[in-house]
Amino acid sequence: MKHVVKGMIPLLLATAICGCSNSAATTSTGVNNSLSEESSSSLNNSESTDRESSIGNAAKDETTISSAESGNTSESGDIIGYEELLSPKTFPKDLEEIPHEFFNTAQEKGTLVDLNYTTYESFSYAEKTHELQKRAVVYLPYGYNEREKYNVFYLMHGGWSNETTTLGTPEAPSIMKNVLDNAISEGKIPPLIVVCPTYNNTSGEDSASYSLALQLTRNYHNELINDLIPAVEGKYSSYADSVSAEDLIAARDHRGFGGFSMGSVTTWRTFEYCLDYFRYFAPSSGSITTDGSYMDDIVRNSGYAWSDFFLVTMTGTEDFAASAFEQQIENMQNYDSFRYSDTEKDGNLTFRIKEGYSHNGTASMEYTYNALRWFWNTNQ
């Protein structure tokens, strides 16, 4: 595969914790089928979902298609006068292992808070007849100040999990919360808000059903755009001046989405349906199709240029999902919508495969750490 460096410790960005133990991830026959095999059949057989949310339709015509703060683009998508506001750095070749001391409680601790919000049952979302009360766990960095603006990263969990899997709860934070605290304190990750939601629908056990989870991740964009983002960024200080569609879209450069395993599937669906709202994406070890033309159509139909988004993708050499994931990335590179590069000024897609890594929580945590070391970090 072109541009892939195997046998090294390449870097990438990915995200969210799988939610499976090491043994569950490697022995469950229900999961050991490639994620893209079922996802690909779902692409062909499931009902088509509305590409535009009600908010997106209302605001699309009033929003500049290319990223307003990152410079202008020509009709071919080439950048004219690129400003070093977003990522003037090069994505590293080697994935950094999380320093052991980062797993300990930091002196400068961020805060976890529960955010409760109203949404609607996934399969009847358009009718809004079945109201649901849901929770997201929100990480606020040490020294959070309402007078400052913060980038926001939405981090989705994998299978057999929920919104508390990745960062824990306010009462019982996870090790990953310590990692964020220490990395921000040491200047490796810029201070930011991290949001851990769930695609679970009417039951906290929904993510334990592989086929149901595939359907819920496809539908999740409705809740994300209409309910979760306004709830988060209406309460906490982001770059959005308000929660109107126009202001949320205008702040897309300062918003990212990522996930591991089924969280990766959710990330690809977010890319498919929510490109208006996000510039950065970090899917890892979970694909939705091996059809490069399908992915190309997403970009072409969105109206955005290649310079308006960036995908950091990663998996491990021993990961059961690696083959299909790698094939999706390879086939995407056959289309001009995707330009492989380690810098934003030259492209919008990078990929790393970590030697020896399998489909487990250790890998996903390290992918998230490295992703956030790169996103919005102007100090590298």
Side-chain angles (χ1 to χ4, degrees), residues 11-22 24-25 95-115 135-142 144 150-199 207 232 256-264 266-267 280 282-286 312 314-316 319 354 357-377:
L11 193 176
L12 144 281
L13 335 63
T15 140
I17 291 182
C18 169
C20 309
S21 68
N22 293 7
L95 182 66
E96 180 180 303
E97 294 188 9
I98 299 172
H100 183 72
E101 59 271 21
F102 280 14
F103 295 117
N104 300 323
T105 302
Q107 288 188 338
E108 296 182 344
K109 296 185 286 291
T111 304
L112 290 184
V113 293
D114 286 336
L115 177 67
R135 171 183 66 171
V137 176
V138 178
Y139 173 85
L140 303 175
Y142 174 82
Y144 171 79
Y150 294 87
N151 300 301
V152 187
F153 187 68
Y154 293 79
L155 181 58
M156 182 59 78
H157 62 80
W160 296 269
S161 305
N162 60 36
E163 68 276 11
T164 69
T165 303
T166 306
L167 292 179
T169 66
E171 298 75 24
S174 73
I175 291 177
M176 186 60 191
K177 194 266 185 182
N178 293 344
V179 171
L180 282 178
D181 287 340
N182 282 293
I184 291 173
S185 177
E186 295 293 323
K188 288 182 174 289
I189 294 175
L192 82 169
I193 296 170
V194 179
V195 182
C196 293
T198 181
Y199 55 80
S207 65
V232 171
F257 196 104
F260 178 85
S261 191
M262 198 61 74
S264 178
T266 316
T267 305
Y280 294 110
S284 58
S285 296
V312 182
M314 188 174 196
T315 191
D319 194 316
K354 179 71 179 281
Y357 270 35
S358 60
H359 200 88
N360 58 38
T362 299
S364 66
M365 184 161 57
E366 190 167 300
Y367 299 164
T368 301
Y369 167 74
N370 279 272
L372 296 181
R373 286 185 61 233
W374 190 79
F375 288 154
W376 304 293
N377 193 344

Donor-acceptor contact below 3.5 Å, side chain Tyr139 vs main chain Leu192: no
Check whether any side-chain heavy atom of Asp114 lies under 4.5 Å from a side-chain heavy atom of Pro170, and answer yes or no. yes
Nearest-0.5 Å distance that lies between atom OG1 in Thr315 and atom NZ in Lys354: 12.0 Å
Within 6.0 angstrom of Ile175 CD1, more than 12 heavy atoms from elsewhere: no
Would you say Ser161's side chain and Gly159's backbone share a donor-acceptor pair under 3.5 angstrom? yes
Check: Leu180 and Leu167 side chains under 4.5 Å, non-hydrogen atoms: yes
Distance-only donor-acceptor check, side chains Ser264 and Ser284, under 3.5 Å: no
Under the 3.5 angstrom rule, does the side chain of Ser174 hit a backbone N or O of Met176 as a donor-acceptor pair? yes
Mark yes when over 12 heavy atoms from residues, nucleotides or ligands other than Tyr144 sit less than 6.0 Å from its OH; otherwise mark no. yes
Any side-chain heavy-atom pair from Met262 and Met156 closer than 4.5 angstrom? no
Does the separation of the ring centres of Tyr280 and Phe153 fall below 6.0 angstrom? no
Can a donor-acceptor pair be found, under 3.5 Å and without considering hydrogens, that links the side chain of Asn377 to the backbone of Lys188? yes
Should the heavy atoms of other residues, nucleotides or ligands under 6.0 Å from CD of Glu101 be counted, would the total exceed 12? yes
So do the side chains of Phe260 and Met365 get within less than 4.5 Å of each other, counting heavy atoms only? no
Would the distance check show the side chain of Asp181 and the main-chain N or O of Gly110 forming a donor-acceptor pair, the cut-off being under 3.5 Å? yes
List the atom of Val195, the atom of Ala136, and the distance in Å for their closest heavy-atom pair. CG1-CB, 4.1 Å
Backbone N/O of Thr169 and side chain of Thr164: donor-acceptor pair under 3.5 Å: no
Ser285 versus Tyr357: any side-chain heavy-atom pair under 4.5 Å? no
Contact between Leu140 and Tyr150 at the side-chain level, heavy atoms closer than 4.5 Å - yes or no? no
Heavy-atom check, side chain of Phe103 versus side chain of Ile98, under 4.5 Å: yes
Test your reading of the model: is there a side-chain donor-acceptor pair from Asn182 to the backbone of Asn104, 3.5 Å cut-off? yes
Evaluation steps, side chain to side chain contact (heavy atoms under 4.5 Å, CB included), between Tyr367 and Leu95: CA-CA 8 Å; Tyr367 299 164; Leu95 182 66; 4.1 Å; yes
Identify the heavy atoms of Asp319 and His359 that sit nearest to each other, and give their distance. OD1-ND1, 2.8 Å
Shortest non-hydrogen separation from Ser207 to His157 and the atoms involved: CB-CE1, 4.2 Å
Answer yes or no: is there a side-chain heavy-atom contact under 4.5 Å between Glu97 and Tyr369? no
What are the two closest heavy atoms between Pro141 and Ile184, and how far apart are they? CB-CD1, 4.2 Å
